[in-house]
Protein chains: 2
Amino acid sequence: MARYKKRERQELLLEKVSTDPFLTDEKLSEVFEVSIQTIRLDRLELNIPELRERIKHVAREETEKIRSLSLQEVIGEIIDIELNDHALSLFIVEDGHVFQKNKITRGHYLFAQANSLCVAVIDEPLALTKSADIEFTRASKLGDKVISKAVVEKMDGHRAIITVTSRVEQRLVFKGRFEMYYTDETDEGEKYG
Amino acid sequence: MARYKKRERQELLLEKVSTDPFLTDEKLSEVFEVSIQTIRLDRLELNIPELRERIKHVAREETEKIRSLSLQEVIGEIIDIELNDHALSLFIVEDGHVFQKNKITRGHYLFAQANSLCVAVIDEPLALTKSADIEFTRASKLGDKVISKAVVEKMDGHRAIITVTSRVEQRLVFKGRFEMYYTDETDEGEKYG
DNA sequence: CTGATGTTAGTACCAACTACTAAATGAGGT
DNA sequence: ACCTCATTTAGTAGTTGGTACTAACATCAG
């Protein structure tokens with residue numbers, strides 16, 4: 001392992017640090033077979049913060065991601081809404097949403113966007129999906145911006161019919177017809193899921 | 001704000017630190033109006049690690065959570081599978097999967113379990129959901145163990161029909177009929193999503 | 001050979017600690 | 001009021017993983 005020249009080492013350093021932020025300067029100096037000072041100069045030039053700052057950063061970032069990925073009320077970001085009438089949301093397909101092999105979006109994320117949009121558009125304390133007919137008309141892929149539109153067709157008593165269409169650059173990727181159950185009693189829930 | 005007595009202070013300390021792990025001993029000593037040494041004695045007695053260790057811990061823990069919640073290939077754990085015939089999976093409803101208000105499972109997680117089971121049961125390089133008719137028959141809740149069963153009804157050419165039923169303690173919570181598109185060409189994907 | 005670029009050494013200093021000793025302050029109990 | 005034990009505070013030395021700075025090498029190209 002002949003030592004790298006500056007340029008090369010710095011590129012590898014960036015990569016190393018971003019894949020494993022838990023490396024001290026000392027460890028890095030061993031990996032690259034240079035002195036600690038060299039590593040520090042490199043970090044200075046590349047604006048890589050010190051170990052503790054890096055860790056703090058991932059800790060904060062990840063806690064936020066957790067909230068936005070798993071605890072969020074809605075998959076996708078709502079960009080327009082008229083309660084009990086219609087709603088629009090944007091969902092950007094990221095790495096975790098696709099099949100690794102071919103980068104095609106997993107169907108259930110498109111469904112999740114549509115489903116949570118239906119829940120959101122209904123202006124009642126409790127709204128649950130009762131049934132749905134759905135169709136995936138085209139494959140969407142990593143990086144796509146999926147715009148989903150929900151239109152409330154009918155509301156009577158405790159039942160709403162909503163049609164959803166999702167498009168990437170005007171082209172339909174998903175459509176569905178959702179039957180929702182809703183009520184103003186907050187703690188029902190022994191009926192549907 | 002009269003200062004607390006030891007017992008009380010230590011309980012509050014545990015709570016404080018777990019809700020916000022980014023607090024230094026100095027900040028904590030200000031909050032509780034005691035000296036830094038007192039805080040350190042408390043941490044010693046309660047086995048609370050120092051700031052840096054706490055941060056390191058959340059940073060590592062959270063990165064794992066991310067992977068298990070968002071990047072997993074299958075929602076739920078496959079417990080039995082006979083390719084092109086049938087498959088069973090178990091999905092335990094956790095905090096991130098339910099509505100906070102009433103702890104009812106969001107529909108799209110049940111759909112995700114069924115959908116990913118359908119993808120898994122088909123023994124071909126590429127399998128995509130083309131359409132589905134689904135029904136949520138009962139509400140499932142936080143802590144429920146949902147067993148999903150997929151049965152391949154028919155396979156011809158590039159099309160498979162799969163019926164899925166999901167139950168919590170024998171009681172049906174979800175059922176669906178999935179139409180899947182599949183092919184042995186790895187990089188198709190311009191058809192469905 | 002000289003100069004620029006790159007690398008290493010070394011010092012002083014910092015935050016946020018641990019580990020330890022020792023002194024001051026309570027709060028009761030009799 | 002006095003003694004006592006628990007609690008709190010103070011202070012010192014040492015650690016990790018750094019920053020910031022100065023100064024001394026090393027390497028190579030023209």
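As the structure is a computational prediction, the values presented were derived from the model and not from experiment. Quick note on labels: first sequence line is chain A, next is B, and so on, each numbered from 1.
- Put simply, CD on B/Glu53 is 11 Å from P on C/dC17, counting in whole angstrom units.
- Around the CZ atom of B/Arg54, the shell of radius 6.0 Å holds more than 12 heavy atoms that belong to other residues, nucleotides or ligands.
- With hydrogens and angles left out, the side chain of A/Arg52 and the base of D/dG17 share a donor-acceptor pair within 3.5 Å.
- The distance between atom CG of B/Leu23 and atom P of C/dA16, rounded to the nearest whole Å, is 12 Å.
- When the P atom of C/dG6 is taken as reference, atom CZ of A/Phe32 falls 17 Å away, rounded to whole Å.
- Taking only side-chain nitrogens and oxygens, A/Ser35 never comes nearer than 4.0 Å to OP1 or OP2 of C/dT7.
- Each of B/Val34 and B/Lys56 has a nearest nucleotide on DNA chain D; the 5'-most of these lies closest to B/Val34.
- Rounding to whole angstrom units, CG of residue A/Leu51 and P of D/dT15 are separated by 19 Å.
- Put simply, the side chain of A/Arg40 and the base of D/dA20 share no donor and acceptor less than 3.5 Å apart.
- For B/Arg43 and D/dT8, the CZ to P distance is 16 Å, given to the nearest whole Å.
- Between the side chains of A/Thr105 and A/Ser140, at least one donor-acceptor pair of N or O atoms lies under 3.5 Å.
- Residue B/Asp25 contributes atom CG, which lies 13 Å from atom P of C/dA19 at whole-angstrom precision.
- At the phosphate of C/dT8, OP1 or OP2 sits under 4.0 Å from a side-chain N or O atom of A/Thr38.
- Counting atom types as modelled, A/Glu26 pairs no side-chain N or O with a base atom of D/dG17 as donor and acceptor under 3.5 Å.
- For the pair B/Glu33 CD and D/dT9 P, the interatomic distance rounds to 11 Å; values are reported in whole Å.
- Side-chain nitrogen and oxygen atoms of A/Arg9 include at least one within less than 4.0 Å of the OP1 or OP2 phosphate oxygen of C/dT7.
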